[in-house]
Amino acid sequence: MIKILICEDIERDKLHLHQLLDSFLLANKISYKIDYLENFDVGTNLFLEYDLIFLDIELGDYNGIEIASKIRTYNRSSIIIITSSFKKYLIDGYKIEAKRYLIKPIDEKIFNVEMQSVLSTSFKQQYGFFDKKISQYKIHYKDMLYIEFLNRHTIIHFVNNIEKKTTYPLKYWIEKLSNKGFGQPYKSFLVNLDYVSGFSSDGKDIIMNNGEKIPLSKNFKKSFTNQYFANLHNIL
């Protein structure tokens, strides 16, 4: 689940942003929770729990850049997206490591494109899930190389060469990792598209960054190739 914080003091803009998020996240089948920051005079570690923070630069008597500095004091990994009616604060956005700068009123098409890019790149670096049946710690999608179905089990192969066996069917992982940057090249494999370096010369295998070859079947070739190049486009 993505936890989102909206820091906005104009009710109209607050509701508009909420509606944009509802539309985009529901369409992409992403679970989420949205909160509002009501008291801008903050100095606690409130921001630790949020993955994505939308921050208006001008918040009445408060300075959004100062609030952003507090966020960065407590949370270096959260993604900050600046919203403003003015372009003049763009440089300030870079100073607090904001990933995007959206001009209000926010256009829905632009919002969807930028959100898709954020989820495909920056957010993926910290996004993950917790399953005590598999690990005592949060599992990050960026650490998963591929998933293999073998002997009635699915095995998660991680980038650090660690493997974890699970009792979940591959269908479970296909649904769970939908829109998370994974593609299916073969009936018994699901791979992290970020770690696909290319295809074999005969087109029968994909080649992972670590040199491993994974079969690419005719039934999945077209859909997988489309996913691969779409993911490559988002990274670039």
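Excluded from the calculations below are hydrogen atoms, water molecules and symmetry mates; all remaining heavy atoms, backbone and side chain alike, are included. The structure displayed is predicted, hence computed values, not measured ones.
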Between the CD1 atom in Ile162 and the CG atom in Leu145, the distance rounded to the nearest 0.5 Å is 12.5 Å

Shortest non-hydrogen contact between Phe189 and Leu170, atoms and distance: N-CD2, 3.9 Å

Polar side-chain atom of Tyr141 near backbone of Asn192 as donor-acceptor pair, under 3.5 Å: no

Would you call the rings of Phe224 and Phe199 parallel, tilted or perpendicular, taking 30° and 60° as the class edges? perpendicular

Taken in chain and number order and not counting sequence neighbours, the residues that satisfy side chain to side chain donor-acceptor pair (under 3.5 Å) with Thr166 are Thr154

Taking only Lys NZ, Arg NE, NH1 and NH2, and the carboxylate oxygens of Asp or Glu, determine whether Glu8 and Lys104 approach each other closer than 4.0 Å. yes

Do Phe149 and Trp173 have side chains that get closer than 4.5 Å, going by heavy atoms? no

Salt bridge (charged side-chain N to carboxylate O under 4.0 Å, His left out) pairs, two or more places apart, involving residues 207-227: none

Nearest heavy-atom neighbours spanning Ile206 and Pro185: CD1-CG, 3.9 Å

Closest approach of Tyr186 and Pro215, non-hydrogen atoms and distance? CB-O, 3.3 Å

Same cluster or not: are Met144 and Ile207 linked, directly or through other Ile, Leu, Val, Met, Phe, Trp or Tyr residues, by side-chain heavy atoms under 4.5 angstrom apart? no

When you measure from the side chain of Asp107 to the backbone N and O of Lys109, does any donor-acceptor pair fall under 3.5 Å? yes

To check you understand the geometry: which heavy-atom pair defines the closest contact between Leu55 and Cys7, and what is its length? CD1-CB, 3.6 Å

Would you please name every residue forming a salt bridge (charged side-chain N to carboxylate O under 4.0 Å, His left out) with Asp35, sequence neighbours left out? Lys33

Compute the ring centroids of Tyr36 and His18, then answer whether they are less than 6.0 Å apart. yes

Of all the heavy-atom pairs spanning Gly203 and Leu216, show the shortest one and how long it is. O-CD2, 3.8 Å

Partners of Glu163 by side chain to side chain donor-acceptor pair (under 3.5 Å), sequence neighbours excluded? His157

Mind checking who shares a hydrophobic cluster with Ile155, ILVMFWY linked at side-chain heavy-atom distances under 4.5 Å? Leu150

Qualifying residues under side chain to side chain donor-acceptor pair (under 3.5 Å), relative to Glu108, sequence neighbours excluded: none

Mind running side-chain hydrogen bond (donor to acceptor under 3.5 Å, both in side chains) on Ser117 and Arg100 for me, showing each step along the way? CA-CA 10 Å; Ser117 179; Arg100 293 293 186 276; 2.7 Å; yes

Between Asp51 and Lys3, is there a side-chain N and carboxylate O pair less than 4.0 Å apart? no

So does Phe24 get a backbone contact from the side chain of Asn28, meaning a donor-acceptor N/O pair under 3.5 Å? yes

